[in-house]
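Inspection log for the structure reproduced underneath, given as structure tokens.
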Amino acid sequence: MPKEVFGKDYQFLEHKELLTFEEIARLARIFTRHGIEKIRLTGGEPLVRRKLEDLIALLAAIPGLDLTLTTNGSLLAKKAHALKAAGLKRITVSLDSLDDAVFMKMNDVDFPVARVLEGIDAAAAAGLAPVKINMVVKRGVNDASVAAMARHFRGSGHILRFIEYMDVGHTNGWRMDDVVTAKEIIALINAEAPLEQCDPNYTGEVAERWRYRDGSGEIGVIASVTQAFCRDCTRARLSTEGSLYTCLFATTGHPLKALLRGGASDDEISDAIAGVWRKRADRYSEIRSAETVKLHKVEMSYIGG
Ligand SMILES: C[S@@+](CC[C@H](N)C(=O)[O-])C[C@H]1O[C@@H](n2cnc3c(N)ncnc32)[C@H](O)[C@@H]1O
């Protein structure tokens, strides 16, 4: 969220515009009728939402759901135990460098790396395991941190995942030249610690899995720019104000809030979701071009990554 766009004059949504926890949980139940097996809470920063544990408890009560969350880690040391107690199963923490200056250059945040590392330790101690760590790699900014990150987390039991820098939204000024490819990242780490590729855990898994040949753990690479996986994508995204997005790179969503607040039955909402999903034909990453990059896409901070 660049400060020049989301500065102090930015008009954020009023609280009443956000879905309530009960509305989110109702939608989650309806989505499970369509085969949703996993829910990831993301953001924005999910841990700044007051009483998030109450939402987790509501979602955890839905049978058969794998429930996880992605966070910048700044409040994780404080909250890990409560999140686990509320029913969260696993967690992903974003960390783009071990070097404070590089980390802050990537994210423009005002907390140090040490705080994120404390959060990761607290999450593992609370049993939110295996902890996944997301590192977005941007050429010329944090690519020199790749080897140190791999070294740091090798043997820790945590799964470090490298993500190709994506053109989500339009405020990040993305250029193809900024992308360090998954192939480059694997070559870099393999030169220091030999790797071999492993089978995916399930069809449509976004991260390609690699393990250290000496048994000291695994890493992942998410190559959504250079190896698009649109055809296997099964992700639906729900914005905080209740719009359904069928693609991370969408320009518009499908509002469900009016149905929720207008007395629609679960069956009616379920039909509306099915109607959107059946028409879905998104393949942004497969057809990315100089033209599509310029589209007024929804921001990553709004759609959640
Ligand atoms: C948008 S964040 C939201 C959750 C939380 N605030 C966090 O920092 O993890 C979700 C994930 O998207 C990743 N991300 C952000 N911008 C990205 C980009 N341009 N390309 C690829 N991944 C990106 C972040 O690193 C993070 O792991």
Side-chain angles (χ1 to χ4, degrees), residues 1 15 18-29 31-32 36-96 98 103 107 109-136 149 152-153 156-161 163 201 205-207 217-218 220 222 235-242 300-305:
M1 301 180 78
H15 197 75
L18 312 186
L19 294 190
T20 64
F21 289 166
E22 287 70 24
E23 287 169 335
I24 297 171
R26 182 179 172 205
L27 278 180
R29 280 183 192 277
F31 270 99
T32 59
I36 291 282
E37 294 170 347
K38 173 163 139 185
I39 288 187
R40 172 177 301 279
L41 298 172
T42 170
E45 173 46 44
L47 299 192
V48 298
R49 180 84 183 243
R50 219 168 294 144
K51 299 199 176 148
L52 184 76
E53 298 83 338
D54 294 352
L55 172 61
I56 289 172
L58 289 175
L59 296 174
I62 302 174
L65 263 190
D66 181 14
L67 187 58
T68 182
L69 178 155
T70 303
T71 172
N72 65 20
S74 61
L75 298 173
L76 188 53
K78 234 186 274 172
K79 298 208 166 196
H81 190 74
L83 295 172
K84 174 72 182 177
L88 190 70
K89 301 220 167 84
R90 294 178 295 108
I91 204 156
T92 299
V93 182
S94 303
L95 179 63
D96 296 329
L98 292 169
F103 173 65
N107 298 302
V109 291
D110 56 3
F111 53 86
V113 169
R115 187 132 136 223
V116 183
L117 294 176
E118 273 168 37
I120 292 170
D121 289 347
L128 293 166
V131 179
K132 289 186 185 159
I133 323 268
N134 276 357
M135 173 177 179
V136 178
M149 282 282 286
H152 183 88
F153 288 107
S156 67
H158 310 323
I159 303 175
L160 177 59
R161 299 164 351 141
I163 308 180
N201 284 317
E205 187 173 31
V206 296
E218 84 174 60
I222 301 178
R235 281 162 172 72
R237 294 179 161 83
L238 183 68
S239 75
T240 192
E241 57 181 324
M300 182 72 106
S301 52
Y302 180 86
I303 199 78

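The figures here come from the full heavy-atom set of this structure, side chains too, leaving out hydrogens, waters and symmetry mates.
Residues Ile24 and Leu58 are not in side-chain contact: their nearest non-hydrogen atoms beyond the backbone lie 4.5 Å or more apart. Ile39 has its side chain out of reach of Thr32: every pair of non-hydrogen atoms, C-beta onward, lies at least 4.5 Å apart. For the pair Thr42 and Arg237, the minimum side-chain heavy-atom distance is 4.5 Å or more. Residues Thr70 and Ser94 are in side-chain contact: their nearest non-hydrogen atoms beyond the backbone lie under 4.5 Å apart. Between Leu83 and Ile91 the shortest side-chain heavy-atom distance falls below 4.5 Å. Using a 4.5 Å cut-off on side-chain heavy atoms (C-beta onward), Lys89 and Thr68 make no contact. The closest side-chain heavy-atom distance from His158 to Val93 is not below 4.5 Å.
Put simply, CD1 on Ile222 and CZ on Arg161 are 4.0 Å apart, with the number rounded to the nearest 0.5 Å. Annotation: the span from Leu67 atom CG to Leu55 atom CG amounts to 8.0 Å, rounded to 0.5 Å.
For Met300, the side chain to side chain contact (heavy atoms under 4.5 Å, CB included) criterion is met by Met166, Val168, Leu248, not counting sequence neighbours. Take Phe31 and apply the ring pair (Phe, Tyr, Trp, His ring centres under 6.0 Å) test, not counting sequence neighbours, and it matches no residue. Residues meeting the side chain to side chain contact (heavy atoms under 4.5 Å, CB included) test with Glu218, sequence neighbours left out: Ile159, Arg209, Arg211.
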For residues 109-128, dump all side-chain donor-acceptor pairs below 3.5 Å to protein atoms at least two apart in sequence or in another chain.
from   : atom 1 : to    : atom 2 : distance (Å)
Arg115 : NE     : Ser74 : O      : 2.9
Arg115 : NH2    : Ser74 : O      : 3.4

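Applying the side-chain hydrogen bond (donor to acceptor under 3.5 Å, both in side chains) definition to pairs two or more places apart or across chains, those involving residues 49-66 are Asp66-Arg90. Counting only residues at least two apart or on different chains, no salt bridge (charged side-chain N to carboxylate O under 4.0 Å, His left out) pair has a member in residues 75-84.
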